[in-house]
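Contents: one structure, followed by commentary.
These numbers were taken from a predicted model, which means no experiment stands behind them.
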Amino acid sequence: MNANNRRLSAALLLGAVAVLLLPWYSLEAGFFDGGWLSNLWGDSVNAPALWQLAAHPWLAIALTLWGLCATCGLLPSGARSRLLLLFSALGVIFLVIEGHAIGYSGWSWLWLENRFGALDQGQPAMGAGALLLLTTFLLMFSFALAERGVLKGDAFVVASLVLLTALVSVFVLYPVLSMFVVSVQDVDGSFKPDGLISNIQDPSIWSLACLKGGTCGTAWRTLWLALMTASGSTLLGLAFALAATRTPLPCKKALRMLTILPIITPPFVIGLALILLFGRSGVVTQHLAELFGIEPGRWLYGLTGIWIAQVLSFTPIAFLVLIGVVEGVSPSLEEASQTLRADRWRTFSRISLPLMAPGLANAFLISFIESMADFGNPMVLGGSHGVLSTEIFFSVVGAQNDPSSAAVLAMILLCFTLAAFVLQRWWLGGKNFATVTGKGDGGKHGQLPRILRYGVYGMVIPWGLFTLVIYGMIAVGGFVQSWGLNDALTIEHYVRAFRVSFNDGHLHWSGVAWNSFWTTLEIALIAAPLTAIVGLLTAWLIVRQKFAGRQTFEFLLMLSFAIPGTVIGVSYVMAYNLPPLEITGTALILIACFVFRNMPVGVRGGIAAMSQLDKSLDEASLTLGANSFRTLRKVVLPLLKPAISAALVYAFVRAITSISAVIFLVSAQYNMATSYIVGLVENGEYGVAIAYSTVLIVVMLLIIGVFQWLVGERRLRRVARPVDVAAIPSSTSLTQERAI
């Protein structure tokens, strides 16, 4: 049996499991509850597709198409690929259309009811069986494309691309489009764009009164803040990466952990710490008033305070993106430069820094998007200076209740993000940054020029001390009776949150935080590896494979990252609250949100790291007979360990610290830690909120250490070898020197 037949047989076996052994429709108790196993063929609610045929005869079309795909295996290869392509495509189209067209009460669209008459009964949302059969059709479609020579007939590459495109369409494009459709719909569902037109012309969005001493519109205010935050975060991230790899600064491991602290902090906590320090009643403000008579002001509440909080929060993201890129610059290139009589500054500015361009561009882009989508910091410190994310939130859940306004603001944000994306592509386009090849590589990274080294110290050390002060305030806050009112020390906040008691010989997790804590940890540990896998696989496809629509595909991946979390949360609720995919209130919707919202960081980090890997490594593996999957697993991934670690760490901590999207998606059964902390803050229980946040920080640090231990370090064989400068001819040409 050849490879094509084996792949088709495996796909058909999956289809058989879908129609015979799995519930076709969604279950109220959930698939992972396992209760359906005991009465799979005895209860119509839990029944597979064959049982459902009597009540839902239209399912016969899907089963027939699956049977036709099975018969294709008996045909000659040419006819088989053509017919398999046709039948599998029809299977996907049919399942998608019938899932949308038929709801709980019958036809979802009135024109279908007028055309075919009312249905005796409708259908629930798709369950495990329907989703697995849909996946089976997608796999058979991929295998048919590979048989016809698409992407050199590589079935793994084609299947990966098809499945990723389907996932991005379902969990990124579909919910966003659902949100925009609502903006031009009337209450009865008819087309009415009046709200969209009036909102896009709102002068409060586009006002340039700031040029005359007034207040800028929300759009320009958000853009300016994002540019300043991205610049500050990228610069500090580069400084931390250089300090960790190119300087003799002691305690580098502690420095790396310090850069991670802000990113693992739950929302609102950094803002509260800044208020405790620099607010009108803050520690620093009161001391300045007593010592120098400086009148307490409200300078912290506005763009300045938001900028400080955002740079503090997003510098670790830039560091995680840049550290692998800085380490990946080949020392042999720097040695060659110095061999040709270039000094350290010229070597760094003309050799090392340009090779870091992919990392710098990606760090800037990610920080820019993070700033635009940030919700927690502007919510706490914005005051009257609203930004796009907070305005969207109030448009959705405030007294306005104006989805059209939220959609308009989201589209404006998308335009800014798309512009940044296009500029980045233009700057990096057509350039080669490969520094890791299959050739021998010797030497170690040289030290930075003295002036640059002191400049790095001048940024890293003060910022590190400032970060320590912030986290010192956070640590103390959990033991203070009441912030700003009663400074008596107590452990009551920790006891209330994480009390453990023994009753009748049994252990009881009686603290108020345990329920959300275990739920958050479980969902984050599931979402993190999925995010890393999907993100790095996508990056590999974008960098190493050539296919039509590659740039469009890459932009669609960034779409969920560019949209504010508030819009993502609301759009998910709108898209997945009804058939064909009803997952609102389940753990699946939280996992999907985390995976596809955080995946772009893994994609951008993977792209930056893979830009440094020469394609000859892949080509050598393929030439020796390895397939693309084995090449990816054995050659590429071991060289991407910094990017893997960054993707795992970022996905895990974001799943725990995310708030803007989560606040719309949590339920009584699946309540996340951040949502619970927000409730504590709203109720004025700051001590319990800080105590809970502190415990989360400690737990995240421990699990991050486990992730880094499991992934390990990238091993590039670099052995210091002495350079005999005297052996170099003194007649080295001026042309060679100028080339440096």
Side-chain angles (χ1 to χ4, degrees), residues 168 172-173 176-177 179-180 183 196 199-208 210-211 216-235 237 303 306-307 310-311 314 317-318 321 357-375 378 386-392 405-431 538-539 542 549-568 571 597 599-601 603-605 607-608 611 660:
V168 170
V172 178
L173 192 59
V176 171
L177 290 178
M179 182 72 183
F180 289 162
S183 70
L196 179 68
N199 280 307
I200 207 168
Q201 296 175 345
D202 188 352
S204 66
I205 299 176
W206 303 107
S207 173
L208 288 172
C210 54
L211 299 178
C216 269
T218 307
W220 303 124
R221 189 160 56 240
T222 306
L223 177 61
W224 172 248
L225 175 65
L227 290 172
M228 293 299 296
T229 297
S231 301
S233 299
T234 304
L235 182 62
L303 293 185
I306 301 173
W307 179 77
Q310 286 188 345
V311 172
F314 304 148
I317 303 174
V321 172
L360 292 170
N362 285 301
F364 185 92
L365 180 64
I366 291 172
S367 300
F368 180 87
I369 295 173
E370 280 276 20
S371 175
M372 285 222 158
D374 183 30
F375 170 76
V387 294
L388 286 173
S389 59
T390 55
E391 292 300 316
I392 290 169
S405 176
V408 168
L409 295 173
M411 286 188 285
I412 294 170
L413 192 151
L414 265 182
C415 291
F416 287 146
T417 307
L418 176 61
F421 179 80
V422 171
L423 287 174
Q424 187 222 37
R425 297 288 298 179
W426 170 78
W427 185 44
L428 296 179
K431 299 177 182 177
T538 304
I542 291 173
R550 183 172 56 176
Q551 294 184 354
T552 303
F553 178 68
E554 186 176 357
F555 170 70
L556 288 177
L557 295 173
M558 300 300 294
L559 192 62
S560 65
F561 198 63
I563 298 289
T566 50
V567 176
I568 291 292
S571 64
R597 180 158 172 74
M599 177 184 63
V601 173
V603 174
R604 303 313 306 179
I607 289 175
S611 297
S660 53

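Contacts of Trp224 classified as ring-ring contact (aromatic ring centres under 6.0 Å, His included), with partners at least two apart in sequence or in another chain: none. Under the rule for a side chain to side chain donor-acceptor pair (under 3.5 Å), the partners of Ser204 that lie at least two apart in sequence or sit in another chain are Asp202. With sequence neighbours left out, Trp307 forms a ring-ring contact (aromatic ring centres under 6.0 Å, His included) with no residue at all. Taking the side chain to side chain donor-acceptor pair (under 3.5 Å) definition, one finds that Thr222 meets it with nothing, sequence neighbours left out. Checked against side chain to side chain donor-acceptor pair (under 3.5 Å), Thr538 has no partners two or more places apart in sequence or in another chain. Evaluation of the side-chain contact (heavy atoms from CB on, under 4.5 Å) rule for Ala420 yields Leu365, Phe368 as partners, not counting sequence neighbours.
Using a 4.5 Å heavy-atom threshold, the side chains of Ile607 and Val603 count as touching.
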Legend entry - Criterion side-chain contact (heavy atoms from CB on, under 4.5 Å) on Phe364 and Leu227, from CA distance to verdict: CA-CA 9 Å; Phe364 185 92; Leu227 290 172; 4.2 Å; yes
Legend entry - side-chain contact (heavy atoms from CB on, under 4.5 Å) between Thr234 and Leu360, intermediate numbers included: CA-CA 7 Å; Thr234 304; Leu360 292 170; 4.0 Å; yes
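Remark: side-chain polar atoms of Ser371 are not paired, donor with acceptor, to backbone N or O of Ser367 under 3.5 angstrom. Looking at Arg221, its side chain never comes within 3.5 Å of a backbone N or O of Val387 through a donor-acceptor pair. A donor-acceptor pair is defined here as one N or O able to donate and one able to accept, closer than 3.5 Å; such a pair exists between the side chain of Ser571 and the backbone of Ile568.
Residue Ile392 holds its CD1 atom at 6.0 Å from CG of Leu413, rounded to the nearest 0.5 Å. Taking CD1 from Ile317 and CG from Asn362, the interatomic distance works out to 13.0 Å, rounded to the nearest 0.5 Å. Distance CD1/Ile205 to CD1/Ile412: 4.0 Å, rounded to 0.5 Å.
Minimum interatomic distance between Val311 and Ser233 (heavy atoms only, all atoms of both residues): CA-OG, 3.8 Å. Taking all atoms of both residues into account, the shortest heavy-atom contact from Leu225 to Gln310 is CG-OE1, 3.6 Å. Nearest heavy-atom pair, Leu388 versus Thr218, reported as atom, atom and distance to 0.1 Å: N-CG2, 3.6 Å. Considering all non-hydrogen atoms of both residues, Leu223 and Met372 come closest at CA-CE, 3.8 Å.
Ring geometry for Phe416 against Trp220 counts as tilted: the plane angle lies between 30° and 60°, on a 0 to 90° scale.
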